[in-house]
Amino acid sequence: MTKTSSHTPIHVIGGGLAGSEAAWQIAESGIPVILHEMRGVRGTDAHKTDGLAELVCSNSFRSDDATSNAVGVLHAEMRLAGSLIMRSADANQVPAGGALAVDRDGFSNAVTAALESHPLITITREEVTGLPPEEWDQAIIATGPLTAPSLAEAIQARTGADSLAFFDAIAPIVHTASIDMDICWYQSRYDKVGPGGTGKDYINCPLDEAQYNAFIDALIAGDTTGFKEWEGTPYFDGCLPIEVMAERGRETLRHGPMKPMGLTNAHNPTVKPYAVVQLRQDNALGTLYNMVGFQTKLKYGAQAEIFRLIPGLENAEFARLGGLHRNTYINSPTLLDRSLTLKGRPGLRFAGQITGCEGYVESASIGLLAGRFAAAERQGHAPALPPETTAFGALLNHITGGHIVSDDEPGKRSFQPMNINFGLFPPLEPGTVTKPEGMKRFRGKDKAIAKKHATAARALDDCARWLKD
Ligand SMILES: Cc1cc2nc3c(=O)[nH]c(=O)nc-3n(C[C@H](O)[C@H](O)[C@H](O)COP(=O)(O)OP(=O)(O)OC[C@H]3O[C@@H](n4cnc5c(N)ncnc54)[C@H](O)[C@@H]3O)c2cc1C
């Protein structure tokens with residue numbers, strides 16, 4: 001039974017991190033919610049309880065530093081927006097240095113109790129097996145990386161075979177500013193311009209024979225993460241992990257993603273590189289580049305160590321490392337509008353990890369936005385989008401528009417889930433960060449920290465203003 005309100009309820013499918021937050025935001029704005037959660041009648045391969053917002057793995061919400069860490073900024077913005085997930089996390093903290101870690105049962109119990117006792121929320125324990133019926137005129141699908149198969153099939157049937165991915169084959173993404181351009185150079189293979197290109201669209205890292213061999217040795221010896229049983233997804237063509245390619249033969253990579261053909265080292269034009277690692281622009285801002293063809297199952301520590309052997313990447317900072325794991329997510333940049341609504345189906349939104357964000361906090365924050373947008377529409381207003389300078393806005397922009405689809409690798413796989421990071425924020429206005437008085441040299445680490453502080457402060461100011469309007 002729907003609880004009392006003059007409004008028709010909004011349906012939220014999935015009571016995980018995103019769905020719980022979405023339901024809370026809707027109900028807090030005075031609109032009734034029906035939250036459909038299948039656990040209780042059907043489990044997933046990772047969840048262990050029937051509690052809402054269960055944390056399936058780590059108990060950490062990562063850094064709580066809102067001055068120099070992007071996820072810390074997202075925490076702060078969520079607190080400003082009255083997030084239930086953050087309130088429950090804060091109330092169930094366990095010691096974890098600068099990170100926000102929680103007692104997982106206490107946290108999930110707090111979320112469940114708050115939702116169960118809210119006068120405008122009704123929780124139904126059932127699996128939703130298809131797209132929401134038309135009579136659910138406002139609905140949010142927040143069924144996560146382990147969306148039950150029949151709903152996943154229905155989403156795929158509606159959006160097209162290429163629009164739904166079932167696992168990530170992720171290549172590492174590097175902060176552009178950390179690439180050494182005294183060693184690397186911009187050039188597209190054979191200077192190909194292509195539609196929208198300039199002939200200089202890639203960053204190239206040259207390796208000589210000894211460097212290439214050392215790199216292959218390190219790859220083969222590198223520590224890999226094991227696929228869990230339930231992740232028994234086969235590799236598919238064109239997406240082999242690089243260490244698997246390296247194991248197939250010393251020259252395999254040099255004839256594959258590391259081929260040097262059509263490239264001339266701008267710093268040393270007369271010497272042909274033995275192999276080349278290419279990085280391609282990953283976001284519209286140009287602050288992030290991904291390592292082309294470098295999907296990998298290597299452990300994170302091993303990845304950072306091995307990839308820093310590549311000339312030009314010695315000091316690379318990674319916005320995300322590579323991976324290969326089960327994950328259901330849609331091709332949001334082409335399927336969703338800016339307010340997370342499925343194009344061609346007004347009133348149907350997606351939220352959480354299924355939209356292509358990554359992580360507990362990011363998923364909850366996209367749930368928060370979807371909930372607010374749906375509630376605004378129910379009240380007859382256009383959803384107010386967060387400024388792109390906020391962590392909310394930067395993440396929303398990544399999902400719904402900031403990603404670049406490359407011409408030589410079109411289709412779903414070029415959009416990969418990502419955690420929030422400063423590379424997703426628009427650059428600061430020139431002159432925002434200036435040398436502090438009395439400081440002799442202002443570059444390197446000091447300047448990077450000052451930039452983070454300024455980006456974080458701008459985000460929080462703009463978020464507060466957005467929430468007030
Ligand atoms: C194995 C694994 C480990 C992970 N480890 C981490 C980690 O350590 N740290 C981190 O930040 N992130 C981790 N993630 C990512 C994490 O799952 C997400 O960040 C987060 O839980 C996603 O939130 P969500 O609300 O989108 O999905 P979920 O939290 O998974 O919630 C989705 C909910 O929808 C329900 N549901 C699914 N299908 C249906 C249906 N048809 N009808 C009704 N209900 C349905 C599910 O039961 C679930 O409760 C991990 C993911 C996986 C799969």
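Note: hydrogens, waters and symmetry copies are ignored here, and every other heavy atom, side chains too, is used. These figures come from a predicted structure and were not determined experimentally. We count ligands from 1, going down the list as the structure has it; atoms in each ligand are counted the same way. Here, residue 1 is the first one in the sequence, and each next residue gets the next number.
- Contacts between T44 and ligand 1, counted as non-hydrogen atom pairs separated by less than 4.0 Å, involve the side chain only.
- Side chains of T341 and S339: a donor on one and an acceptor on the other come within 3.5 Å.
- For ligand 1, the atoms closer than 4.0 angstrom to any heavy atom of G352 are 26 (O).
- Atom numbering of ligand 1 starts at 1 in the shown order; those under 4.0 Å from a heavy atom of L17 are 21 (O), 23 (O), 25 (O), 29 (O).
- Contact atoms of ligand 1 toward A18: 25 (O) (distance under 4.0 Å to a heavy atom of the residue).
- E126 counts as a contact of ligand 1, since one of its heavy atoms falls under 4.0 Å from the ligand.
- Of the N or O atoms in R39, one or more lie within a sub-3.5 Å distance of an N or O in ligand 1.
- Note: F318 and Y300 fail the aromatic proximity criterion, with ring centroids not under 6.0 Å apart.
- Only the backbone of A142 comes within contact range of ligand 1, with a heavy atom under 4.0 Å; no side-chain atom does.
- Considering each of S20, G40, G43, G144, the one bringing a non-hydrogen atom nearest atom 27 (O) of ligand 1 is G144.
- Residue A148 has at least one nitrogen or oxygen atom sitting less than 3.5 Å from a nitrogen or oxygen atom of ligand 1, judged on distance alone.
- A side-chain donor-acceptor contact under 3.5 Å links T389 and D462.
- The V56 neighbourhood of ligand 1 comprises atoms 2 (C), 3 (C), 4 (C), 17 (O), 50 (C), 51 (C), 52 (C), with distances under 4.0 Å to a heavy atom of that residue.
- Between the side chains of H36 and E126, at least one donor N or O sits under 3.5 Å from an acceptor N or O.
- Checking T334 against N331 by side-chain atom types alone, a donor-acceptor pair falls below 3.5 Å.
- Backbone and side-chain nitrogen or oxygen atoms of Y360 are examined, and one is located within less than 3.5 angstrom of a nitrogen or oxygen of ligand 1.
- Checking only distances, R62 never comes within under 3.5 Å of ligand 1, N or O to N or O.
- Note: F107 and F61 meet the aromatic proximity criterion, with ring centroids under 6.0 Å apart.
- There is no side-chain donor-acceptor pair under 3.5 Å between S108 and E54.
- Salt-bridge annotation for R87 and E21: absent, with no side-chain N of the basic residue lying under 4.0 Å from a carboxylate O of the acidic one.
- The shortest N or O to N or O distance between I354 and ligand 1 is not below 3.5 Å.
- Where the criterion is an N or O separation shorter than 3.5 Å, residue side chain and backbone included, M38 meets it with respect to ligand 1.
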Next item on the list: Report the C-alpha separation of R248 and E243 in whole Å, then their side-chain angles, then the decisive distance to 0.1 Å, and conclude whether the salt bridge (Lys or Arg N to Asp or Glu O under 4.0 Å) test is met.
Entry: CA-CA 9 Å; R248 289 187 173 180; E243 63 279 6; over 6 Å; no

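- If you number the atoms of ligand 1 from 1 as listed, the ones under 4.0 Å from a heavy atom of E127 come out as 41 (N), 42 (N).
- The ligand atoms of ligand 1 that sit less than 4.0 angstrom from a heavy atom of G359 are 10 (C), 11 (O), 12 (N), 19 (O).
- Contact annotation for L151 and ligand 1: only side-chain heavy atoms (C-beta onward) come within less than 4.0 Å of the ligand.
- Some N or O of V128 is nearer than 3.5 Å to an N or O of ligand 1, by distance alone.
- R79 and D64 are joined by a salt bridge, as a carboxylate oxygen and a charged side-chain nitrogen come within less than 4.0 angstrom of each other.
- Looking at S58 against ligand 1, both its backbone and its side chain come within 4.0 Å, counting heavy atoms.
- Here E377 pairs with R349 in a salt bridge; the nearest charged N to carboxylate O distance falls below 4.0 Å.
- Between R42 and E127 there is a salt bridge, since a side-chain N of the basic residue sits under 4.0 Å from a carboxylate O of the acidic one.
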